[in-house]
Protein chains: 2
Amino acid sequence: MILSASPATLPTDDETALRRTPSQKRSRERVEQILACATALIQEKGSDAMRMSEVAEKAGISIGSLYQYFPDKAAIVRTLAERYNAVCNECIAAELAKVTSIAELRDAFSLLFDIYYDMFLAEPVMRDIWSAMQADKALREIDLAQSRAGGKLLADVWARLVPDTPREEIDSAAFLIMHLGDCTMRLAVSVDRAEGDRIVEAFKRMTIKDFVADGPRGGAGSIDNAMTRS
Amino acid sequence: MILSASPATLPTDDETALRRTPSQKRSRERVEQILACATALIQEKGSDAMRMSEVAEKAGISIGSLYQYFPDKAAIVRTLAERYNAVCNECIAAELAKVTSIAELRDAFSLLFDIYYDMFLAEPVMRDIWSAMQADKALREIDLAQSRAGGKLLADVWARLVPDTPREEIDSAAFLIMHLGDCTMRLAVSVDRAEGDRIVEAFKRMTIKDFVADGPRGGAGSIDNAMTRS
DNA sequence: TTGCAAATGTGAGCGATGCTCATATTTGTT
DNA sequence: AACAAATATGAGCATCGCTCACATTTGCAA
């Protein structure tokens, strides 16, 4: 599991998500333990079926203690979501940093979605959390913020490569692509593996055509550029 | 509102969703009234915050009567979802029926997503239902079935136009495009109108490039066809 | 019209669950 | 040792989906 493997390198919890900032060592450990137990329970039965009483019991603490740190059940899920996002962000930033040409952008994008797909396949908890997303408004906002952040990274690169396209258009297209990447992953892992693979490939081809055609508006390479623009 | 405007032309309720098939006129009216009140409440406060007691009260019936027809709260939402789907299906089938060339397919697709976008903009209840989707497994399956159904319509047309592409690949790509269409609509209506418009346009361009390049695999029109295939 | 079974209606209340709060215990500091 | 701040506790409250035993209405045959 991504999170438990290297908790030290991950960002500290968003303070807004915690009810009380743990100042003593014992309580800081307890927060980590709560998150670990919640992760295990989500893996076992899903975030929806996860009971706060179960989390407390598994962590060996009382219900009251649980609520000392997390204002509500959703806050636990949100904290985990933000940690997963941080991992994704590092991947995206690392891959896009190297890009200096459209061909490289295409390759980076292809690789990025392979990595992303592997993560989704390997992390049932991550999948569950994104499934629960729609039910929680705050979680949805975290998700969109994530797509915006990734989209901005992509748009910065993209804008440099196709300087004649309006920035607004680039931003919206990059935001959309990042978001649809998420959607594609969720879809791909919900069907059988063979179809999941075909779906991910189809998505990559679709988006890559966007790049090869020199930007979101379609460039000289696109046959029907004039018609599409009208 | 789509549903209340022409309830007679809509498909009768999926029998599996109803606990008891209403045989008398009174109860059939009651089912419709329940759905109408539920729609109003979802519009007002969202399906999550909608209380069964409120639905009963607004419909002027008892809690018990409510549960005579709908086995649970989700069943009400599901029934509404299926009605919205039926409307969408008719649109898709109607537009795709006319298509005999790739250019026509492109135009039909463009028009289809404009219609779809308008529906999403005009129907807050529809939006809410799709947001609640992830929380309900059965609802998610309805959604995927819908994408599969639309995808099949698209794949049939597509396969005729690009006969050399493996059918499996076409099916997966068409399924993906339909699903991503949904995702794009949900995203577009969750941001401000100007950005929503740009997002829908970006999606259409992305998918249209897919068609113009002669199929999901990319055809002779695609510059880097050989590279993409490898 | 009357009688009767099937259909439909009712709402008190059960069970489950997220969460609170008054109180008890532990920790760090002087 | 004393004390305040931090932390821990769990009985119990409030909410909500849903059930069930019983009442009422409807359609129909005699």
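Only a predicted model underlies this, so the values are computations on that prediction, with no experimental measurement involved.
Contact check, B:R51 against D:dG17: a side-chain N or O comes under 4.0 Å of OP1 or OP2. The phosphate of D:dT25 has neither OP1 nor OP2 within less than 4.0 Å of any side-chain N or O from B:R30.
Atom CZ of B:F70 and atom P of C:dG9 are 12 Å apart (whole Å). Distance, A:L41 CG to C:dT17 C1': 15 Å, rounded to whole Å. Between the CE atom of A:M52 and the P atom of D:dT9 there is a distance of 15 Å, rounded to whole Å. Taking atom CZ of residue B:R28 and atom P of nucleotide D:dG27, one finds them 10 Å apart after rounding to whole Å. The CD-C1' distance, from B:E54 to D:dG17, rounds to 13 Å in whole Å. Between B:E29 atom CD and C:dT8 atom P the separation is 12 Å, expressed in whole Å.
Judged as a side-chain hydrogen bond (donor to acceptor under 3.5 Å, both in side chains), and not counting sequence neighbours, the contacts of A:R198 are B:E168, B:S172. Listed by chain and number, the residues in a side chain to side chain contact (heavy atoms under 4.5 Å, CB included) with B:C88 are B:Y116, B:M119, B:M126, B:Q146 (sequence neighbours excluded). Annotation: side-chain hydrogen bond (donor to acceptor under 3.5 Å, both in side chains) contacts of B:T184 (sequence neighbours excluded): none. Residues meeting the salt bridge (Lys or Arg N to Asp or Glu O under 4.0 Å) test with B:E141, sequence neighbours left out: none. With sequence neighbours excluded, the residues that form a side-chain hydrogen bond (donor to acceptor under 3.5 Å, both in side chains) with B:D171 are B:R167.
Within a 6.0 Å sphere centred on CD of A:E54, other residues, nucleotides and ligands contribute more than 12 heavy atoms.
Ranking C:dG18, C:dT10, D:dC18 by closeness to the B:K73 side chain, first place goes to D:dC18.
If you check residues 58-68 of chain B against DNA chain C, the residues with a heavy atom closer than 4.0 Å are B:I61, B:S62, B:G64, B:S65, B:Q68, listed by number.
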